[in-house]
Amino acid sequence: MDTNIPAPKPVIKLIEAFNRLPGIGPKSAQRLAYYIIRMPKEEARLLADSVLGVKQTIIFCSRCQNLTEIDPCVICSSSTRDHYTICLVEEPLDVLALERAGFYKGQYHVLHGLISPINGIGPDDLKIRDLLSRLESDHISEIIIALNPTLEGDATAMYIHRLLSPFGVVITNLARGLPVGGNLEYADDVTLSRAFHGRREL
Amino acid sequence: MLKRHHKTEALILKASPYGEGHTIVTALTSGGAQLKAMAYGSRKLTSRIGGHLSPLTRVELALYKSRDMDIIKQAQNLESFSELKNDLSRMTKAFFVMELIEGFSNTGVGNRPLFDLSLMSLRGLQSSSNRDIEDLTISCFQLNLLKVTGFMPELYTCVECRSSLNSDNYNFIIDIGGLCCSKCLNGHRGRAINISSKSVEILRQFDQGGTLFSELPLGSTVELRRLLDSSTGFWLDREIRSRRFMEHMNSRDIREPMSAIDMESV
């Protein structure tokens, strides 16, 4: 970060704060900071309050590890949902995507990452231990692994399968294959082979 | 005139998410140089290139030279190592290989033997039939890696005084680059790794091109592995992260925390 910018210290501090966010480079950080300076005071206060509010009120649900205001979260405490099925996802955003689709009525468990040995992320860094505790205390009949179809996602899925096998619970993985709107011509070998293996009778 | 479009064959090492659906791909080109390139929109479900850019895939890339980073315009899968991707134990070892390739390759500096070694090692892992062969393949990869990147230790004379070495036990000092005689050992005593004459013999045979993967005695790899891990870790200037996960996967009970593994004793 260029510290020779002829700007007052609080502005530099704000630029540096934006620059630390993922996907924000120095130029974008400057643009955002100067946008905030030009903002009406009330709007800027609203933004600051929202940031602080999130940090003060959002906690991890003690059961599913999703982000929540109350513990246990709305999904875990709902009496209308299936409490015997857990869908395992990588991030809280994945829960939102599945809930938006609206067909799944079971529980979730958020891992908050994937195993990535190259980046030094191992099972201890994820919420896997909390999943084991849930299996020991709750009567779970099925775990649906809904992780991204990446190398790290597959490694995590295989690791969890090996870890949970002794519990005698049914472990399923989401189907892999061609996406809706995709193009067969551009599909890679692995996707094509998985699509073929997972084909169904019409 | 500057040629902005170019093609290369490459081995994908890493795919890091960037922004809204983009990926920064780290790859080793067929020329043996490290390449970082941007794949716009590759994480979107309908992306035509996303599926081809998974780590542990040999691809043909069509790139466009941009100011900061090359942009991937097309990608075609050439070799997907699907057997490695469907077996956690072997996949873990492939992670180890890829971490070291990434650490030892340089942007803009070609090293064709490094590319050949990478493919040969991954293919060796893919075709291996048991854990011993896999471990041996890993050790051979590390040794070859030190050789092709110019970090092969001195094995014939003392690194300090150049006198010839003849002993039952040898002292290996990583940071000075190889074996050290007993007279010169005093200044380095705390950092010396004691290795057997058998291991030195294997290393020498290997250096002279006389040892093939299949010829190494299976039991000899433990001492070599420690030595090679220490050497590669020293030149990388950090712990090899995927080694701990590899040991965790080898442990009897994977419910034990990974942090409990004592890396000194494995």
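Proteins come first, then strands; the chains are lettered A, B, ... in the order of their sequence lines, and each starts at number 1.
- Of residues 48-72 of chain A, no residue lies under 4.5 Å from chain B by any heavy-atom pair.
- Contact of Leu13(B) with chain A is made through the backbone alone, with heavy-atom distances under 4.5 Å.
- Only the side chain of Pro179(A) has a heavy atom closer than 4.5 Å to any heavy atom of chain B.
- In this structure Tyr35(A) satisfies the side-chain contact (heavy atoms from CB on, under 4.5 Å) test together with Met39(A), sequence neighbours excluded.
- Residue Ala157(A): no heavy atom, backbone or side chain, is found under 4.5 Å from chain B.
- Proximity to chain B is limited to the side chain of Ile115(A), based on heavy atoms less than 4.5 angstrom apart.
- With a 4.5 angstrom heavy-atom cutoff, Leu132(A) touches chain B only via side-chain atoms.
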side-chain contact (heavy atoms from CB on, under 4.5 Å) evaluation trace for Leu151(A) with Phe95(B): CA-CA 10 Å; Leu151(A) 194 65; Phe95(B) 275 127; 3.7 Å; yes

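- Of residues 80-88 of chain A, not one residue has a non-hydrogen atom less than 4.5 Å from any non-hydrogen atom of chain B.
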Donor and acceptor N/O pairs, chain A versus chain B, under 3.5 angstrom:
| unit_1 | atom_1 | unit_2 | atom_2 | d |
| --- | --- | --- | --- | --- |
| Ile118(A) | O | Arg241(B) | NH1 | 2.8 |
| Asn119(A) | OD1 | Lys14(B) | NZ | 3.3 |
| Asp124(A) | OD1 | Met258(B) | N | 3.1 |
| Asp124(A) | OD2 | Met258(B) | N | 2.9 |
| Asp124(A) | OD2 | Ser259(B) | N | 2.8 |
| Asp124(A) | OD2 | Ser259(B) | OG | 3.3 |
| Arg129(A) | NH1 | Arg255(B) | O | 3.1 |
| Arg129(A) | NH2 | Arg255(B) | O | 2.7 |
| Tyr159(A) | OH | His248(B) | NE2 | 2.7 |
| Tyr159(A) | OH | Ile254(B) | O | 3.3 |
| Arg162(A) | NH2 | Met249(B) | O | 3.2 |
| Tyr186(A) | O | His52(B) | NE2 | 2.9 |
| Tyr186(A) | OH | Arg48(B) | NH1 | 3.3 |

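- Of the atoms belonging to Met91(B), it is side-chain heavy atoms, and not backbone ones, that fall under 4.5 Å from chain A.
- For a residue to count as touching a neighbouring chain, one of its non-hydrogen atoms must lie under 4.5 Å from one of that chain's; by this rule Met246(B) does not touch chain A.
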